[in-house]
Number of protein chains: 2
Amino acid sequence: MPRNTETKPDARRKLLDSARMKIRKTGFGSMTVDELCKDAGVTKGAFFHHFKSKEEFGVATANNWDELTSGFFKDAPYHTLADPLERFLGYIRFRRELVTGDIYEFTCVVGTMVQEIFETSSDIRDACHESMFNHAELLVDDIEAAMNIYPPNTKIDAHSLALHTQAVFQGAFVLAKSTNNAAKAREIAWEMIDHLERYVLLLFGQTTNDGGKK
Amino acid sequence: MPRNTETKPDARRKLLDSARMKIRKTGFGSMTVDELCKDAGVTKGAFFHHFKSKEEFGVATANNWDELTSGFFKDAPYHTLADPLERFLGYIRFRRELVTGDIYEFTCVVGTMVQEIFETSSDIRDACHESMFNHAELLVDDIEAAMNIYPPNTKIDAHSLALHTQAVFQGAFVLAKSTNNAAKAREIAWEMIDHLERYVLLLFGQTTNDGGKK
DNA sequence: GACAGAATACCAACCAGTTGGTATGTTTTG
DNA sequence: CAAAACATACCAACTGGTTGGTATTCTGTC
C-alpha cells in the first residue's frame with residue numbers, strides 16, 4: 001500500500017485544509033481532533049506527528065490562514081488601478097465578490113477562533129491578531145495616498161479606517177451566521193459591505209449616485 | 001437545612017448570570033456544565049432540573065440576553081432627545097460609553113455564541129438571531145424619522161442601516177478580543193464606533209467637525 | 001539502515017446527562 | 001383544618017461515551 005508517493009498533499013496540508021472549514025462551522029473548541037482527522041482522511045497519529053498539541057495546531061491554522069489570504073489578495077486585480085481611492089474601493093468590492101457559496105466558505109477562520117480562545121490561549125489569540133491586523137495594514141498606503149488626492153473634511157487616521165473595514169467584514173459575518181440559510185446570509189453581508197463602501201465614498205467627498213443600490 | 005426559602009436568587013438565575021460571563025470568555029461549546037455550575041455555586045443536579053439539556057440552556061441564555069438588553073436600552077437616556085437623528089446618534093454614543101471594563105464585560109453573548117453554533121444548533125442560532133435583529137429593529141423608527149428631516153443624497157433602507165450598526169459593534173468586538181489587554185481592546189472598539197458615528201453624520205449631511213477625535 | 005511520515009492501540013481525564021433520593025411548598029380531600 | 005397526595009427545587013454520586021494526548025510499530029525513501 002503505497003502511502004503518499006506522487007500524491008503530494010500530505011497529512012499536514014490535509015489537516016490544515018479541513019480545519020479551515022471545520023473551524024468556521026463549529027469553532028475551535030468544539031472541533032475535536034478525531035473528527036478533524038476523519039474529515040481530512042488522516043489518522044490521529046499523523047496529527048500528533050505534525051503538531052505537538054491541539055493548541056499548536058490552532059496557531060498553525062491561523063498562520064496558514066494568514067499566508068493563504070495574504071497571497072490571495074496580493075494577486076488580486078484591483079491593485080492595477082491607477083487611482084489609490086479606486087484601489088481601496090476595489091479591495092472592498094473584491095471582498096464583496098468573495099461572499100459566495102455557503103456561510104462556512106466566505107466567513108473568517110481567525111475571526112471565529114479569536115472569539116472563543118482570546119482568554120484561554122494567548123498564542124492562538126496573537127496569531128489571529130496578526131492575521132487580521134496585518135491584512136488591514138495592506139490597505140494603509142492606498143488610503144493615505146487617497147487622502148492626499150481627495151482630502152476628507154474630517155481628519156481621520158488611515159490605520160483606523162483600514163481596521164474599520166475589517167470590523168465591518170467581521171460583523172457582517174456574525175450577522176450572516178445568525179440567519180437560517182446561505183442566500184439570506186449573503187444578502188446581509190452584501191448590504192453591510194455596501195454601507196462600508198458608501199462610508200468611504202462619503203468620506204472622500206465622492207457623490208454616491210448608486211441610486212437604488214440594494 | 002433550609003434550602004432556598006428567603007434567599008431569592010435561585011439556581012436558574014445564578015446559572016444564567018454566570019453563563020453571560022463564561023460564554024463571552026470561552027464560547028458556548030467550550031463552556032462545560034460542571035465549570036458553569038461551580039462558578040454559579042450550584043450543583044449539576046440543579047442545572048438539569050431547570051434545563052433539560054445544555055442546548056436548551058443555550059437558548060435560555062440567548063433569550064435572557066435579549067430580555068436583559070431590551071430592558072436596558074428601553075430605559076436609556078437618549079430616548080428623551082427631541083430630534084430623531086440625535087436619538088439615533090445618542091444610541092451609538094450610549095453604546096460607546098458601555099465599552100468599559102474587561103473584554104468579557106462589554107462584548108456580546110449572542111454574537112459570540114452564534115459564531116460557533118450556527119451549524120450545530122438551529123434553536124440557539126434562531127434565538128441569537130432574534131436577539132440581534134430585534135435589537136436593531138428598535139432603531140428603525142428614529143432612522144426613518146431622521147431621513148424625513150434630513151434626507152440623505154443616497155436612498156438607503158432604514159432596516160439595513162440599523163443592522164449595519166450591529167455589524168460594526170459585532171466586528172469591533174471581534175477585533176477587540178484579538179488584542180492582549182483590555183485597554184487596547186476598548187481603544188479599538190471606540191475607534192470603530194467613531195467611524196460608525198461619522199458615517200451616520202455624513203449620510204445625513206451633517207458636517208463632521210469632530211476635528212482631532214481619536 | 002537510518003529516519004521521517006503515518007498507522008494502530010491505548011490511556012487517564014473529562015464530558016453531558018442520569019439516578020435515586022431529600023427537603024420544602026402547594027393542593028386536594030375526608 | 002389537618003392529613004394525605006402531589007409538585008417543585010435541589011443535591012451528591014455515578015455512568016457510558018468522548019477527549020486530547022502517548023507509546024509503539026510499520027512503511028517507504030534517501
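Letters go in sequence order (proteins before strands), and every chain restarts at 1.
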### Message
Between B:F57 and B:V33, is there a side-chain heavy-atom distance shorter than 4.5 Å?
### Response
no
### Query
Between A:F72 and A:F94, does the ring centroid distance fall short of 6.0 Å?
yes
### Task
Please name the residue in the list A:V114, A:V59, A:T120 that meets the side-chain contact (heavy atoms from CB on, under 4.5 Å) test with A:R125.
A:V114
### Task
Using five base pairs at each end, measure the axis-to-axis angle across the helix from C:dG1-D:dC30 to C:dG30-D:dC1 and round it to 10 degrees.
10°
### Query
Applying salt bridge (Lys or Arg N to Asp or Glu O under 4.0 Å), which residue pairs with at least one partner in residues 38-49 of chain A are found, sequence neighbours left out?
A:K22-A:D39, A:D34-A:K44
#### Entry: Qualifying residues under ring pair (Phe, Tyr, Trp, His ring centres under 6.0 Å), relative to A:H129, sequence neighbours excluded
A:F133
### Query
Nearest heavy-atom pair of B:I103 and B:A182: which atoms, and what distance?
CG1-CA, 4.2 Å
Output one line per pair: protein atom, nucleotide atom from nucleotides 6-8 of chain D, and distance, for all N/O pairs under 3.5 Å.
none

### Message
With a 4.0 Å cutoff (strictly under), does any side-chain N or O of A:H50 reach OP1 or OP2 of C:dG5?
### Response
no
#### Entry: Summary of protein contacts for nucleotides 13-21 of chain D, nucleotide by nucleotide, where a base hit scores B, a sugar-phosphate-only hit scores S (4.0 Å, heavy atoms)
------SBB
### Message
What is the distance, to the nearest angstrom, from the CD atom on B:E56 to the C1' atom on C:dG17?
### Response
13 Å
### Lys NZ or Arg CZ of B:K54 over B:F47 ring: under 6.0 Å, within 45°
no
### Query
Heavy-atom distance under 4.5 Å between the side chains of A:V200 and A:L85, does that happen here?
yes
### Message
Salt bridge check, B:E197 against B:R95: does any charged N sit closer than 4.0 Å to a carboxylate O?
### Response
no
### Task
Among residues two or more places apart or on two chains, list those pairs meeting side chain to side chain donor-acceptor pair (under 3.5 Å) that have a residue in residues 99-108 of chain A.
none
### Task
Grab the CZ-C1' distance between B:F51 and D:dA9 for me, whole Å please.
13 Å
